Amino acid sequence: MLHRKALAVVAAVAALLHGAAASAQDKLKVAIGQRGTLENSITELGQDAGFFKKHGLVLEILYTQGGGETQQAVISGSVDIGIGVGTHGVFGAFAKGAPLRIIGAGMTGANDLFWYVPANSPLKSIKETAGKTVAYSTTGSSSNSIVLAFQKHFGVALKPVATGSPPATFTQVMSGQIDVGWATPSFGVQQGDKIRAIARGGDVPDFRDQTVRVTIANAGALEQRRDAFVRYMRAYRETLDWLYSNPAAIKPAAAWTGMPESQVARVRDEFYPKESVNPDRMSGVEKITADAIAFKFLPAPLSKEQLAQLVQVPFGVK
């Protein structure tokens with residue numbers, strides 16, 4: 001009898017321990033704009049390398065056509081975290097009551113994005129695009145803001161068109177549906193001499209020290225499960241350090257982006273210097289606000305209280 005009771009106690013303890021182990025692996029749903037961009041590789045590379053598991057997290061990752069689509073997924077609550085979302089669009093959505101919080105900077109500066117034409121196009125610069133269709137990914141994305149900034153900075157009456165991902169955009173450009181496409185360095189490396197760049201995001205001076213993309217969280221999910229989001233950002237930082245310091249990260253990064261291994265370190269250091277993708281660096285808030293108003297994402301500046309609620313960077317630092 002005592003033996004049976006002892007076995008029952010052992011079984012109960014084992015069940016409790018099993019339940020505790022299962023609950024230790026919290027799940028977060030993450031939406032990422034543009035698969036294949038090195039900046040957006042951190043989450044998946046970190047999961048594959050075990051950094052998120054180390055922090056008790058299992059990530060469900062999905063990819064979108066751009067930052068605007070990612071933002072909508074976070075607003076709806078269908079995902080917990082959004083990566084690579086245009087900052088101007090986030091400010092505007094928050095002002096309208098969207099349940100968003102910024103928990104990390106994504107990209108400061110905009111020199112990673114470029115605009116191109118077919119190699120045989122007569123267009124030589126963005127200044128020559130009056131009346132021409134110029135691509136961006138989705139409404140509210142950083143590429144959307146940059147195209148609007150081209151209009152403002154160069155005084156050219158171009159026609160902004162949402163074209164989705166770099167591969168989808170490339171098809172539209174090469175078939176003559178769009179005059180000027182947009183892309184990222186990893187995609188440009190793959191296309192070789194088929195295309196010719198005519199502009200980069202850094203051509204607009206005001207964008208050079210702005211945080212143009214951010215990592216956002218659904219406000220309700222963040223309030224309910226804050227510790228899981230803290231652990232997410234800690235694992236994210238560890239993955240970033242690994243990507244920039246460990247040669248073993250080159251091979252999986254090449255596989256993820258589709259670039260040759262020989263190109264990964266060059267593209268990483270030239271277009272995505274570590275300080276530019278520092279998740280704890282939120283830069284140029286005043287310029288972000290001014291441009292968000294100019295581009296009609298934001299009707300008026302956010303108050304200090306609103307900014308403090310929206311921008312929670314750095315997040316989860318010990």
Side-chain angles (χ1 to χ4, degrees), residues 25-74 78-86 103-107 112-113 137-138 141-142 164-168 183-190 213-218 221 225 228-261 263-265 267-269 271-272 274 276-279 315-316:
Q25 294 294 315
D26 289 323
K27 179 182 284 188
L28 286 173
K29 295 181 179 181
V30 184
I32 302 175
Q34 309 304 340
R35 194 185 197 290
T37 301
L38 191 62
E39 172 200 345
N40 291 340
S41 70
I42 308 302
T43 299
E44 187 167 331
L45 292 180
Q47 171 142 281
D48 291 345
F51 289 103
F52 290 93
K53 182 178 180 180
K54 169 187 168 184
H55 287 272
L57 295 173
V58 174
L59 306 178
E60 182 180 323
I61 302 170
L62 62 91
Y63 293 92
T64 72
Q65 292 291 305
E69 191 175 308
T70 300
Q71 177 175 286
Q72 288 304 312
V74 177
S78 58
V79 300
D80 303 303
I81 292 172
I83 304 293
V85 183
I103 60 172
M107 181 71 181
D112 59 313
L113 300 181
S137 64
T138 55
S141 64
S142 59
S165 67
T184 61
S186 54
F187 185 80
V189 166
Q190 298 171 50
R213 291 187 293 279
V214 290
T215 295
I216 59 175
N218 177 274
R225 308 169 61 205
F229 288 81
V230 167
R231 285 181 278 133
Y232 173 87
M233 290 306 300
R234 289 175 180 168
Y236 187 97
R237 293 184 187 96
E238 290 178 16
T239 306
L240 193 67
D241 289 341
W242 168 75
L243 178 61
Y244 280 78
S245 64
N246 193 328
I250 297 297
K251 186 172 184 177
W256 193 88
T257 59
M259 288 189 293
E261 289 184 33
Q263 296 287 335
V264 172
V267 168
R268 178 195 65 192
D269 297 336
F271 294 96
Y272 304 99
K274 191 176 180 183
S276 292
V277 293
N278 179 354
F315 183 88

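Residues: numbered from 1 along the sequence shown. Just so it is clear, the model here is predicted, and its values are computed rather than measured. What you see below is based on every heavy atom in this structure, not just the backbone, and it leaves out hydrogens, waters and symmetry mates.
- With a 4.5 Å cut-off on side-chain heavy atoms, P279 and T215 do not count as touching.
- Separation of atoms CD1 (I81) and NZ (K29) is listed at 13.0 Å; rounding is to 0.5 Å.
- Of all heavy-atom pairs between Y236 and E39, the closest is OH-O, 4.2 Å.
- Residues V85 and G67 approach most closely at CG1-O, 3.7 Å, considering heavy atoms.
- Across every non-hydrogen atom of A221 and F229, the tightest pair is O-CE1, 3.4 Å.
- With rounding to the nearest 0.5 Å, the separation of CD1 in I216 from CG in D80 is 11.5 Å.
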| query | Please walk me through it: do L113 and T184 pass side chain to side chain contact (heavy atoms under 4.5 Å, CB included)? | reply | CA-CA 5 Å; L113 300 181; T184 61; 3.8 Å; yes
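- Under a 3.5 Å cut-off, the side chain of D26 and the backbone N or O of G56 do not form any donor-acceptor pair.
- Note that CG of N278 is 8.5 Å distant from CZ of R237, once rounded to the nearest 0.5 Å.
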| query | Could you go step by step and tell me if L28 and R225 meet the side chain to side chain contact (heavy atoms under 4.5 Å, CB included) rule? | reply | CA-CA 10 Å; L28 286 173; R225 308 169 61 205; 3.8 Å; yes
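- Here the side chain of R234 pairs no donor or acceptor atom with the backbone of H55 at under 3.5 angstrom.
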Could you list the donor-acceptor pairs under 3.5 angstrom formed by side chains in residues 241-250, with sequence neighbours left out?
residue: D241; atom: OD1; partner: K274; partner atom: NZ; Å: 2.6
residue: Y244; atom: OH; partner: Y272; partner atom: O; Å: 2.3
residue: S245; atom: OG; partner: D241; partner atom: O; Å: 2.6
residue: N246; atom: OD1; partner: A248; partner atom: N; Å: 2.9

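- Closest approach of G33 to T64, counting heavy atoms only: CA-OG1, 3.3 Å.
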| query | Can you list the steps and then say if R213 with D112 is a side chain to side chain contact (heavy atoms under 4.5 Å, CB included)? | reply | CA-CA 12 Å; R213 291 187 293 279; D112 59 313; 2.5 Å; yes
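- For the pair Y232/V30, a side-chain contact is recorded, criterion being any heavy-atom separation below 4.5 Å from C-beta on.
- Rounding to the nearest 0.5 angstrom, the gap separating the CG atom in N40 from the CH2 atom in W256 is 5.5 Å.
- Remark: the backbone N or O of V74 is paired with a side-chain donor or acceptor of N218 at under 3.5 angstrom.
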| task | Before giving the answer on side chain to side chain contact (heavy atoms under 4.5 Å, CB included), spell out for I83 and T70 the whole-Å C-alpha distance, their side-chain angles and the decisive distance to 0.1 Å. | result | CA-CA 7 Å; I83 304 293; T70 300; 5.8 Å; no
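- Within the 4.5 Å cutoff, the side chain of S137 has no heavy atoms near those of the Q65 side chain.
- Between G86 and Q71, the shortest heavy-atom contact is O-OE1, 4.5 Å.
- Residues F51 and L45 are not in side-chain contact: their nearest non-hydrogen atoms beyond the backbone lie 4.5 Å or more apart.
- Formation of a donor-acceptor pair under 3.5 Å by the Q47 side chain with backbone atoms of L59 is found in this model.
- The two atoms that bring P260 and A254 nearest to each other are C-CB, 4.3 Å, heavy atoms only.
- Once rounded to the nearest 0.5 Å, the distance linking CD of E44 with OG1 of T239 reads 11.5 Å.
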